[in-house]
Amino acid sequence: MQSLYSNIPNMNEILSKLSMDDIEPKWQKKLADQYLQSLRASIASGDVNEINADEVIQSIRDYIKTTLSPGLKRIINGTGVVIHTNLGRSSISKTLLDETTDVLSHYSNLEYSLEKGARGSRYAPVVERLKLLTGAEDAIVVNNNAAAVMLTLNTFASGGSVIVSRGELVEIGGAFRIPEVMKLSGCQLIEVGTTNKTHPYDYSRAVAEDTRMVMKVHTSNYRIQGFTASVETDVLSEITNANGLILYEDLGSGSFETIEGFQEKTIQEAASHCDLLSFSGDKLLGGPQCGIIVGKRDLIAQIKSNQLLRALRVDKFTLSILDRLMTAYFKTEGLRTEAIPTHRYLKLSEEAIEAKVNAFLDIYQEPLKEIKLHVTKAAMDSEVGAGSMPLALLPSCGLIIRSDHSIERCFRSMRLLELPLIGRIEKDGIVLDFRMIETEDFEGVFNALKAGCYHE
Ligand SMILES: *Cc1c(COP(=O)(O)O)cnc(C)c1O
(Lines give C-alpha, C1' and ligand atoms only; values in the text may rest on other atoms or scores of the structure.)
Protein backbone atom coordinates (compact mmCIF):
# COMPACT_ATOMS: atom_id res chain seq x y z
CA MET A 1 0.00 0.00 0.00
CA GLN A 2 2.88 2.33 0.88
CA SER A 3 4.24 2.02 -2.64
CA LEU A 4 0.85 3.06 -4.01
CA TYR A 5 1.08 6.33 -2.07
CA SER A 6 4.63 6.93 -3.23
CA ASN A 7 3.57 6.49 -6.86
CA ILE A 8 1.33 9.54 -6.59
CA PRO A 9 3.12 12.40 -8.34
CA ASN A 10 3.94 15.46 -6.22
CA MET A 11 2.09 18.74 -6.57
CA ASN A 12 4.82 20.52 -8.54
CA GLU A 13 4.92 17.75 -11.09
CA ILE A 14 1.14 17.68 -11.30
CA LEU A 15 0.83 21.42 -11.82
CA SER A 16 3.53 21.54 -14.45
CA LYS A 17 2.08 18.61 -16.37
CA LEU A 18 -1.59 19.58 -16.18
CA SER A 19 -0.97 22.30 -18.78
CA MET A 20 -4.25 24.06 -18.08
CA ASP A 21 -2.94 27.57 -18.71
CA ASP A 22 -6.40 29.13 -18.76
CA ILE A 23 -7.20 28.15 -15.17
CA GLU A 24 -5.89 30.24 -12.27
CA PRO A 25 -3.08 28.15 -10.62
CA LYS A 26 -4.53 28.46 -7.11
CA TRP A 27 -7.70 26.70 -8.30
CA GLN A 28 -5.71 24.01 -10.11
CA LYS A 29 -3.90 23.31 -6.86
CA LYS A 30 -7.06 23.34 -4.74
CA LEU A 31 -8.88 20.90 -7.01
CA ALA A 32 -5.81 18.67 -7.42
CA ASP A 33 -5.64 18.55 -3.62
CA GLN A 34 -9.28 17.56 -3.42
CA TYR A 35 -8.79 14.84 -5.97
CA LEU A 36 -5.69 13.48 -4.22
CA GLN A 37 -7.49 13.36 -0.89
CA SER A 38 -10.19 11.14 -2.28
CA LEU A 39 -7.59 9.06 -4.12
CA ARG A 40 -5.71 8.48 -0.83
CA ALA A 41 -8.97 7.52 0.84
CA SER A 42 -9.64 5.00 -1.94
CA ILE A 43 -6.17 3.52 -1.48
CA ALA A 44 -6.71 3.30 2.28
CA SER A 45 -10.00 1.48 1.83
CA GLY A 46 -8.45 -0.91 -0.67
CA ASP A 47 -10.53 0.23 -3.64
CA VAL A 48 -7.42 1.14 -5.63
CA ASN A 49 -4.52 -1.21 -6.03
CA GLU A 50 -2.54 0.33 -8.85
CA ILE A 51 -1.29 3.88 -9.35
CA ASN A 52 0.14 5.26 -12.55
CA ALA A 53 1.42 8.85 -12.37
CA ASP A 54 0.30 9.83 -15.89
CA GLU A 55 -3.16 8.42 -15.31
CA VAL A 56 -3.45 10.29 -12.04
CA ILE A 57 -2.59 13.54 -13.81
CA GLN A 58 -5.10 12.81 -16.57
CA SER A 59 -7.77 12.07 -13.96
CA ILE A 60 -7.02 15.34 -12.17
CA ARG A 61 -7.35 17.18 -15.49
CA ASP A 62 -10.73 15.53 -16.11
CA TYR A 63 -11.81 16.27 -12.54
CA ILE A 64 -10.94 19.96 -12.90
CA LYS A 65 -12.72 20.20 -16.25
CA THR A 66 -15.86 18.50 -14.97
CA THR A 67 -15.95 20.49 -11.74
CA LEU A 68 -15.54 23.83 -13.48
CA SER A 69 -17.82 23.26 -16.46
CA PRO A 70 -21.22 24.96 -16.39
CA GLY A 71 -23.81 22.86 -14.61
CA LEU A 72 -26.91 23.81 -16.55
CA LYS A 73 -27.04 21.69 -19.69
CA ARG A 74 -29.22 21.38 -22.68
CA ILE A 75 -31.08 18.06 -22.66
CA ILE A 76 -33.30 16.22 -25.12
CA ASN A 77 -36.82 15.94 -23.72
CA GLY A 78 -38.23 12.55 -24.64
CA THR A 79 -40.62 12.45 -21.67
CA GLY A 80 -43.68 13.63 -23.57
CA VAL A 81 -44.34 16.26 -20.90
CA VAL A 82 -44.46 19.57 -22.75
CA ILE A 83 -44.16 21.98 -19.81
CA HIS A 84 -41.88 19.92 -17.57
CA THR A 85 -41.03 21.88 -14.43
CA ASN A 86 -37.90 19.80 -13.78
CA LEU A 87 -36.71 20.32 -17.34
CA GLY A 88 -37.09 24.09 -17.48
CA ARG A 89 -40.81 24.39 -18.37
CA SER A 90 -41.08 26.40 -21.60
CA SER A 91 -38.10 26.63 -23.92
CA ILE A 92 -37.51 29.92 -25.66
CA SER A 93 -37.06 29.99 -29.42
CA LYS A 94 -33.57 30.83 -30.67
CA THR A 95 -34.87 33.67 -32.83
CA LEU A 96 -36.56 35.29 -29.88
CA LEU A 97 -33.51 34.81 -27.69
CA ASP A 98 -31.17 36.20 -30.37
CA GLU A 99 -33.26 39.35 -30.47
CA THR A 100 -32.48 39.95 -26.79
CA THR A 101 -28.68 39.58 -26.92
CA ASP A 102 -28.10 43.09 -28.25
CA VAL A 103 -30.12 44.61 -25.42
CA LEU A 104 -28.61 42.40 -22.75
CA SER A 105 -25.00 42.78 -23.79
CA HIS A 106 -25.32 46.57 -23.59
CA TYR A 107 -26.89 49.17 -21.34
CA SER A 108 -30.62 49.55 -21.73
CA ASN A 109 -33.54 51.75 -20.72
CA LEU A 110 -34.56 49.23 -18.05
CA GLU A 111 -35.64 51.91 -15.61
CA TYR A 112 -35.07 55.03 -17.63
CA SER A 113 -37.64 57.00 -19.57
CA LEU A 114 -36.02 58.01 -22.85
CA GLU A 115 -38.76 60.58 -23.38
CA LYS A 116 -38.39 62.31 -20.02
CA GLY A 117 -34.68 61.73 -19.59
CA ALA A 118 -35.35 60.64 -16.05
CA ARG A 119 -36.01 57.55 -14.01
CA GLY A 120 -38.75 55.44 -15.58
CA SER A 121 -40.78 52.36 -14.74
CA ARG A 122 -39.28 48.90 -15.09
CA TYR A 123 -42.64 47.61 -16.27
CA ALA A 124 -43.30 50.28 -18.89
CA PRO A 125 -41.69 48.34 -21.76
CA VAL A 126 -44.26 45.53 -21.58
CA VAL A 127 -47.35 47.12 -20.01
CA GLU A 128 -49.10 48.45 -23.14
CA ARG A 129 -49.05 45.11 -24.91
CA LEU A 130 -50.10 43.28 -21.74
CA LYS A 131 -53.05 45.65 -21.47
CA LEU A 132 -54.04 45.00 -25.08
CA LEU A 133 -53.76 41.25 -24.72
CA THR A 134 -55.55 40.94 -21.38
CA GLY A 135 -58.00 43.82 -21.62
CA ALA A 136 -56.92 44.90 -18.13
CA GLU A 137 -56.24 48.49 -17.05
CA ASP A 138 -52.69 47.94 -15.87
CA ALA A 139 -50.07 45.26 -15.32
CA ILE A 140 -46.94 44.44 -13.38
CA VAL A 141 -44.39 41.64 -13.66
CA VAL A 142 -42.58 39.84 -10.82
CA ASN A 143 -40.26 36.88 -10.38
CA ASN A 144 -42.82 34.12 -10.75
CA ASN A 145 -46.48 33.50 -10.07
CA ALA A 146 -45.74 32.37 -6.51
CA ALA A 147 -44.29 35.85 -5.92
CA ALA A 148 -47.35 37.38 -7.59
CA VAL A 149 -49.67 35.54 -5.17
CA MET A 150 -47.58 36.50 -2.17
CA LEU A 151 -47.32 40.14 -3.18
CA THR A 152 -51.02 40.48 -3.97
CA LEU A 153 -52.12 38.93 -0.68
CA ASN A 154 -49.61 40.96 1.29
CA THR A 155 -50.57 44.26 -0.35
CA PHE A 156 -54.31 43.98 0.21
CA ALA A 157 -54.98 41.50 2.97
CA SER A 158 -52.11 41.68 5.45
CA GLY A 159 -53.71 41.90 8.89
CA GLY A 160 -57.08 40.92 7.45
CA SER A 161 -58.73 37.80 6.10
CA VAL A 162 -59.19 36.21 2.69
CA ILE A 163 -61.98 33.83 1.72
CA VAL A 164 -61.05 30.74 -0.30
CA SER A 165 -63.07 27.66 -1.21
CA ARG A 166 -61.95 24.39 0.45
CA GLY A 167 -61.93 22.83 -3.01
CA GLU A 168 -59.20 25.28 -4.10
CA LEU A 169 -56.63 25.02 -1.31
CA VAL A 170 -54.02 23.69 -3.69
CA GLU A 171 -50.49 22.52 -3.26
CA ILE A 172 -48.40 22.82 -6.39
CA GLY A 173 -44.96 21.31 -7.07
CA GLY A 174 -42.19 22.22 -4.67
CA ALA A 175 -44.69 22.36 -1.78
CA PHE A 176 -46.11 25.78 -2.63
CA ARG A 177 -49.31 25.64 -0.60
CA ILE A 178 -51.94 28.33 -0.71
CA PRO A 179 -52.66 28.17 3.07
CA GLU A 180 -48.93 28.52 3.88
CA VAL A 181 -48.46 31.40 1.47
CA MET A 182 -51.39 33.19 3.08
CA LYS A 183 -49.78 32.87 6.49
CA LEU A 184 -46.49 34.20 5.14
CA SER A 185 -48.28 37.12 3.50
CA GLY A 186 -49.70 38.10 6.87
CA CYS A 187 -53.34 37.30 6.19
CA GLN A 188 -55.82 34.92 7.69
CA LEU A 189 -57.43 32.23 5.58
CA ILE A 190 -61.17 31.76 5.82
CA GLU A 191 -62.03 28.40 4.29
CA VAL A 192 -65.52 28.01 2.97
CA GLY A 193 -67.58 25.20 1.46
CA THR A 194 -66.44 21.60 1.29
CA THR A 195 -63.87 19.77 -0.78
CA ASN A 196 -66.34 18.96 -3.55
CA LYS A 197 -68.98 21.67 -3.26
CA THR A 198 -68.86 25.38 -2.60
CA HIS A 199 -71.90 27.61 -3.20
CA PRO A 200 -72.26 31.39 -3.52
CA TYR A 201 -73.89 31.57 -0.07
CA ASP A 202 -70.79 29.96 1.47
CA TYR A 203 -68.85 33.03 0.41
CA SER A 204 -71.43 35.66 1.33
CA ARG A 205 -72.01 34.17 4.80
CA ALA A 206 -68.28 34.18 5.52
CA VAL A 207 -67.77 37.90 4.90
CA ALA A 208 -66.67 39.49 8.18
CA GLU A 209 -65.44 42.85 9.46
CA ASP A 210 -61.80 42.14 8.60
CA THR A 211 -62.41 40.44 5.23
CA ARG A 212 -60.43 42.14 2.48
CA MET A 213 -60.52 39.76 -0.41
CA VAL A 214 -62.08 36.75 -2.06
CA MET A 215 -59.51 34.60 -3.80
CA LYS A 216 -60.23 32.09 -6.53
CA VAL A 217 -57.47 29.59 -7.17
CA HIS A 218 -57.19 27.54 -10.31
CA THR A 219 -57.02 23.86 -9.36
CA SER A 220 -54.09 23.47 -11.70
CA ASN A 221 -52.85 19.99 -11.03
CA TYR A 222 -56.01 18.13 -10.08
CA ARG A 223 -59.69 17.99 -10.89
CA ILE A 224 -62.60 17.36 -8.58
CA GLN A 225 -65.08 15.37 -10.59
CA GLY A 226 -68.52 13.95 -9.96
CA PHE A 227 -70.84 15.58 -7.43
CA THR A 228 -69.26 19.01 -7.47
CA ALA A 229 -70.00 22.71 -7.45
CA SER A 230 -67.76 25.73 -7.48
CA VAL A 231 -68.47 29.40 -7.95
CA GLU A 232 -67.11 31.20 -10.97
CA THR A 233 -65.75 34.73 -10.74
CA ASP A 234 -68.67 36.31 -12.64
CA VAL A 235 -70.90 35.26 -9.72
CA LEU A 236 -68.26 35.97 -7.08
CA SER A 237 -67.87 39.52 -8.36
CA GLU A 238 -71.46 40.28 -7.33
CA ILE A 239 -70.57 39.29 -3.77
CA THR A 240 -67.29 41.18 -3.67
CA ASN A 241 -68.79 44.30 -5.23
CA ALA A 242 -71.70 44.31 -2.78
CA ASN A 243 -69.28 44.04 0.16
CA GLY A 244 -66.48 46.30 -1.04
CA LEU A 245 -64.00 43.42 -1.31
CA ILE A 246 -61.30 42.72 -3.85
CA LEU A 247 -61.79 39.71 -6.12
CA TYR A 248 -58.48 38.11 -7.02
CA GLU A 249 -57.96 35.05 -9.19
CA ASP A 250 -54.75 33.02 -9.29
CA LEU A 251 -55.04 31.44 -12.70
CA GLY A 252 -51.78 29.45 -12.46
CA SER A 253 -51.08 28.54 -16.05
CA GLY A 254 -52.86 31.12 -18.16
CA SER A 255 -53.16 31.27 -21.93
CA PHE A 256 -54.26 34.06 -24.28
CA GLU A 257 -55.75 31.58 -26.68
CA THR A 258 -57.90 28.51 -26.31
CA ILE A 259 -55.77 25.60 -27.29
CA GLU A 260 -57.75 23.26 -29.46
CA GLY A 261 -59.42 20.45 -27.59
CA PHE A 262 -59.02 21.97 -24.12
CA GLN A 263 -61.74 23.59 -22.12
CA GLU A 264 -59.98 26.35 -20.24
CA LYS A 265 -60.95 29.96 -19.94
CA THR A 266 -58.47 32.38 -21.44
CA ILE A 267 -56.61 35.07 -19.53
CA GLN A 268 -58.82 37.75 -21.14
CA GLU A 269 -62.00 36.00 -19.98
CA ALA A 270 -60.63 35.56 -16.48
CA ALA A 271 -59.45 39.18 -16.34
CA SER A 272 -62.86 40.49 -17.33
CA HIS A 273 -64.50 39.13 -14.16
CA CYS A 274 -62.05 39.99 -11.39
CA ASP A 275 -60.23 42.98 -9.94
CA LEU A 276 -56.83 41.32 -10.01
CA LEU A 277 -55.53 38.30 -11.86
CA SER A 278 -52.15 36.59 -11.81
CA PHE A 279 -50.58 33.88 -13.95
CA SER A 280 -47.22 32.29 -14.75
CA GLY A 281 -44.96 33.38 -17.59
CA ASP A 282 -43.41 30.00 -18.30
CA LYS A 283 -46.39 27.68 -18.33
CA LEU A 284 -48.93 27.89 -21.17
CA LEU A 285 -47.80 31.43 -21.93
CA GLY A 286 -44.60 29.83 -23.23
CA GLY A 287 -42.16 32.47 -21.98
CA PRO A 288 -39.56 33.00 -19.28
CA GLN A 289 -40.15 32.33 -15.58
CA CYS A 290 -42.15 35.26 -14.25
CA GLY A 291 -45.47 36.11 -12.69
CA ILE A 292 -47.79 38.62 -14.31
CA ILE A 293 -50.39 40.52 -12.33
CA VAL A 294 -53.05 42.46 -14.24
CA GLY A 295 -56.10 44.35 -13.07
CA LYS A 296 -57.54 47.65 -11.89
CA ARG A 297 -55.20 50.63 -12.22
CA ASP A 298 -55.50 51.80 -8.61
CA LEU A 299 -54.87 48.29 -7.28
CA ILE A 300 -51.77 47.79 -9.42
CA ALA A 301 -50.58 51.20 -8.17
CA GLN A 302 -50.90 49.97 -4.59
CA ILE A 303 -48.91 46.84 -5.43
CA LYS A 304 -46.21 49.07 -6.90
CA SER A 305 -45.85 50.90 -3.62
CA ASN A 306 -45.45 47.73 -1.54
CA GLN A 307 -41.84 47.48 -0.29
CA LEU A 308 -41.98 43.72 -0.84
CA LEU A 309 -41.96 44.34 -4.59
CA ARG A 310 -38.31 45.36 -4.35
CA ALA A 311 -37.47 41.80 -3.31
CA LEU A 312 -39.68 40.14 -5.91
CA ARG A 313 -39.05 42.34 -8.92
CA VAL A 314 -38.34 40.86 -12.30
CA ASP A 315 -34.80 41.07 -13.71
CA LYS A 316 -33.75 42.45 -17.08
CA PHE A 317 -33.01 39.06 -18.64
CA THR A 318 -36.53 37.87 -18.00
CA LEU A 319 -38.05 41.19 -18.93
CA SER A 320 -36.26 41.38 -22.26
CA ILE A 321 -37.44 37.91 -23.25
CA LEU A 322 -40.98 38.67 -22.12
CA ASP A 323 -40.77 41.92 -24.08
CA ARG A 324 -40.05 40.03 -27.35
CA LEU A 325 -42.61 37.37 -26.51
CA MET A 326 -45.28 40.04 -26.13
CA THR A 327 -44.51 41.26 -29.64
CA ALA A 328 -44.70 37.70 -30.98
CA TYR A 329 -48.21 37.38 -29.55
CA PHE A 330 -49.50 39.98 -32.04
CA LYS A 331 -48.21 38.13 -35.09
CA THR A 332 -50.35 35.92 -37.31
CA GLU A 333 -50.96 32.40 -36.09
CA GLY A 334 -48.20 30.63 -38.02
CA LEU A 335 -45.54 33.12 -36.94
CA ARG A 336 -46.84 33.13 -33.37
CA THR A 337 -46.66 29.36 -33.09
CA GLU A 338 -43.19 29.35 -34.59
CA ALA A 339 -41.99 31.88 -32.01
CA ILE A 340 -43.39 29.94 -29.04
CA PRO A 341 -42.04 26.37 -28.90
CA THR A 342 -44.49 25.36 -26.13
CA HIS A 343 -47.39 26.15 -28.48
CA ARG A 344 -45.75 24.46 -31.42
CA TYR A 345 -45.34 21.26 -29.37
CA LEU A 346 -48.89 21.41 -28.02
CA LYS A 347 -50.35 21.81 -31.49
CA LEU A 348 -48.40 18.98 -33.16
CA SER A 349 -50.70 16.32 -34.56
CA GLU A 350 -50.16 12.63 -33.95
CA GLU A 351 -49.47 12.26 -37.70
CA ALA A 352 -46.76 14.93 -37.65
CA ILE A 353 -45.11 13.26 -34.67
CA GLU A 354 -45.33 9.84 -36.31
CA ALA A 355 -43.67 11.33 -39.39
CA LYS A 356 -40.75 12.39 -37.17
CA VAL A 357 -40.48 8.87 -35.74
CA ASN A 358 -40.50 7.41 -39.26
CA ALA A 359 -37.83 9.85 -40.39
CA PHE A 360 -35.70 8.83 -37.41
CA LEU A 361 -36.17 5.14 -38.17
CA ASP A 362 -35.36 5.66 -41.86
CA ILE A 363 -31.90 6.77 -40.83
CA TYR A 364 -31.29 4.78 -37.65
CA GLN A 365 -33.20 1.49 -37.93
CA GLU A 366 -30.13 -0.41 -39.12
CA PRO A 367 -27.60 1.28 -36.80
CA LEU A 368 -29.96 0.52 -33.88
CA LYS A 369 -29.97 -3.15 -34.82
CA GLU A 370 -26.19 -3.08 -34.90
CA ILE A 371 -26.10 -1.91 -31.30
CA LYS A 372 -28.53 -4.70 -30.38
CA LEU A 373 -31.44 -2.59 -29.19
CA HIS A 374 -34.99 -3.72 -29.81
CA VAL A 375 -36.89 -0.69 -30.93
CA THR A 376 -40.60 -0.56 -31.62
CA LYS A 377 -42.72 2.34 -32.78
CA ALA A 378 -45.76 2.91 -30.60
CA ALA A 379 -48.71 5.24 -30.11
CA MET A 380 -48.67 7.00 -26.73
CA ASP A 381 -50.03 10.04 -24.94
CA SER A 382 -48.10 13.21 -24.11
CA GLU A 383 -49.06 15.48 -21.23
CA VAL A 384 -49.26 19.25 -21.03
CA GLY A 385 -47.46 19.35 -17.66
CA ALA A 386 -46.74 22.03 -15.02
CA GLY A 387 -50.19 21.63 -13.56
CA SER A 388 -51.82 22.75 -16.78
CA MET A 389 -54.82 20.71 -17.80
CA PRO A 390 -53.94 17.64 -15.70
CA LEU A 391 -56.43 15.35 -17.39
CA ALA A 392 -55.69 16.26 -20.97
CA LEU A 393 -53.87 13.62 -22.98
CA LEU A 394 -52.30 14.54 -26.29
CA PRO A 395 -52.16 11.67 -28.80
CA SER A 396 -48.53 11.15 -29.74
CA CYS A 397 -46.05 8.70 -31.13
CA GLY A 398 -42.61 7.48 -30.15
CA LEU A 399 -40.31 4.57 -29.60
CA ILE A 400 -40.11 1.89 -26.95
CA ILE A 401 -36.58 0.68 -26.45
CA ARG A 402 -35.81 -2.70 -24.96
CA SER A 403 -32.44 -4.22 -24.30
CA ASP A 404 -31.11 -7.56 -23.05
CA HIS A 405 -29.30 -5.55 -20.38
CA SER A 406 -30.51 -3.49 -17.43
CA ILE A 407 -32.83 -0.80 -18.68
CA GLU A 408 -32.35 1.23 -15.48
CA ARG A 409 -28.63 1.35 -16.06
CA CYS A 410 -29.16 2.45 -19.62
CA PHE A 411 -31.56 5.18 -18.44
CA ARG A 412 -29.00 6.39 -15.94
CA SER A 413 -26.11 6.37 -18.43
CA MET A 414 -28.14 8.43 -20.88
CA ARG A 415 -28.70 11.04 -18.18
CA LEU A 416 -24.98 11.41 -17.52
CA LEU A 417 -23.91 12.15 -21.08
CA GLU A 418 -22.71 15.49 -22.44
CA LEU A 419 -26.08 15.79 -24.21
CA PRO A 420 -28.43 13.85 -21.93
CA LEU A 421 -31.53 12.13 -23.25
CA ILE A 422 -34.42 11.89 -20.79
CA GLY A 423 -37.28 9.52 -21.47
CA ARG A 424 -39.48 7.58 -19.12
CA ILE A 425 -39.27 4.00 -17.94
CA GLU A 426 -42.39 1.97 -18.48
CA LYS A 427 -42.72 -1.74 -17.87
CA ASP A 428 -39.53 -3.22 -19.29
CA GLY A 429 -38.52 -0.48 -21.68
CA ILE A 430 -37.54 3.12 -22.14
CA VAL A 431 -40.26 5.16 -23.76
CA LEU A 432 -39.22 8.07 -25.94
CA ASP A 433 -42.07 10.38 -26.92
CA PHE A 434 -41.06 12.20 -30.11
CA ARG A 435 -43.30 15.26 -29.58
CA MET A 436 -40.40 17.44 -28.35
CA ILE A 437 -37.65 15.60 -30.21
CA GLU A 438 -36.64 17.76 -33.16
CA THR A 439 -34.99 16.57 -36.38
CA GLU A 440 -31.79 18.29 -35.25
CA ASP A 441 -31.87 16.08 -32.11
CA PHE A 442 -31.91 12.78 -34.04
CA GLU A 443 -28.17 12.31 -33.98
CA GLY A 444 -28.12 13.12 -30.25
CA VAL A 445 -30.85 10.56 -29.61
CA PHE A 446 -28.96 7.85 -31.44
CA ASN A 447 -25.65 8.76 -29.81
CA ALA A 448 -27.28 8.67 -26.38
CA LEU A 449 -28.81 5.26 -27.03
CA LYS A 450 -25.51 3.97 -28.28
CA ALA A 451 -23.40 5.42 -25.49
CA GLY A 452 -25.91 4.60 -22.78
CA CYS A 453 -27.33 1.22 -23.79
CA TYR A 454 -24.88 -0.57 -26.02
CA HIS A 455 -22.96 -3.53 -24.60
CA GLU A 456 -20.62 -5.37 -26.93
C1 LIG B 1 -48.04 27.13 -11.04
C2 LIG B 1 -48.95 27.82 -10.13
C3 LIG B 1 -48.47 28.78 -9.22
C4 LIG B 1 -47.03 29.14 -9.12
O5 LIG B 1 -46.54 29.67 -10.28
P6 LIG B 1 -44.96 29.77 -10.52
O7 LIG B 1 -44.86 30.60 -11.74
O8 LIG B 1 -44.48 28.38 -10.67
O9 LIG B 1 -44.38 30.42 -9.32
C10 LIG B 1 -49.37 29.38 -8.38
N11 LIG B 1 -50.69 29.07 -8.42
C12 LIG B 1 -51.17 28.15 -9.29
C13 LIG B 1 -52.63 27.85 -9.27
C14 LIG B 1 -50.32 27.49 -10.17
O15 LIG B 1 -50.79 26.58 -11.02
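Counting starts at 1 for both ligands and their atoms, in listed order. This chain uses plain numbering: 1 for the first residue, then up along the sequence.
When each atom of ligand 1 is checked for a heavy atom of F176 under 4.0 Å away, the hits are 10 (C). Each of the following atoms of ligand 1 lies closer than 4.0 Å to a heavy atom of S280: 5 (O), 6 (P), 7 (O).
Looking only at protein heavy atoms, the nearest one to atom 10 (C) of ligand 1 is N145 ND2, 3.2 Å. Annotation: atom 15 (O) of ligand 1 to nearest protein heavy atom, S220 OG, 2.4 Å. Nearest non-hydrogen protein atom to atom 11 (N) of ligand 1 is D250 OD2, 2.6 Å. Here the protein heavy atom with the shortest distance to atom 14 (C) of ligand 1 is K283 NZ, 3.0 Å. With respect to atom 9 (O) of ligand 1, the closest heavy atom belonging to the protein is A146 N, 2.8 Å. When hydrogens are left out, the protein atom nearest atom 3 (C) of ligand 1 is I172 CD1, 3.0 Å; that is the closest non-hydrogen contact.
What you find for L285 and G281 is that their closest heavy atoms are CB-O, 3.4 Å.
Using a 4.0 Å cut-off between a side-chain N of Lys or Arg and a carboxylate O of Asp or Glu, D202 and R166 do not qualify as a salt bridge. With respect to E111 and R122, a salt bridge is recorded, a charged nitrogen being found less than 4.0 Å from a carboxylate O. A salt bridge does not link E438 to K356: none of the charged side-chain nitrogens sits closer than 4.0 Å to a carboxylate oxygen.
The aromatic ring centres of F442 and Y364 sit 6.0 Å or more apart.
Under a 4.0 angstrom heavy-atom cut-off, V170 registers as lying outside contact with ligand 1.
Taking any N or O of R89, backbone or side chain, at least one lies under 3.5 Å from an N or O belonging to ligand 1. Distances between N or O atoms of H218 and those of ligand 1 include no value under 3.5 Å.
Of the heavy atoms in Q289, none comes closer than 4.0 Å to ligand 1.
Cation-pi geometry between K216 and Y248 is not met: the NZ or CZ atom fails to fall both under 6.0 Å from the ring centre and inside 45° of the normal.
The backbone N or O of C187 lies less than 3.5 Å from no partner atom in the side chain of S185, so there is not a single donor-acceptor pair.
Interatomic distance, T198 OG1 to E168 CD, rounded to the nearest 0.5 Å: 7.0 Å.
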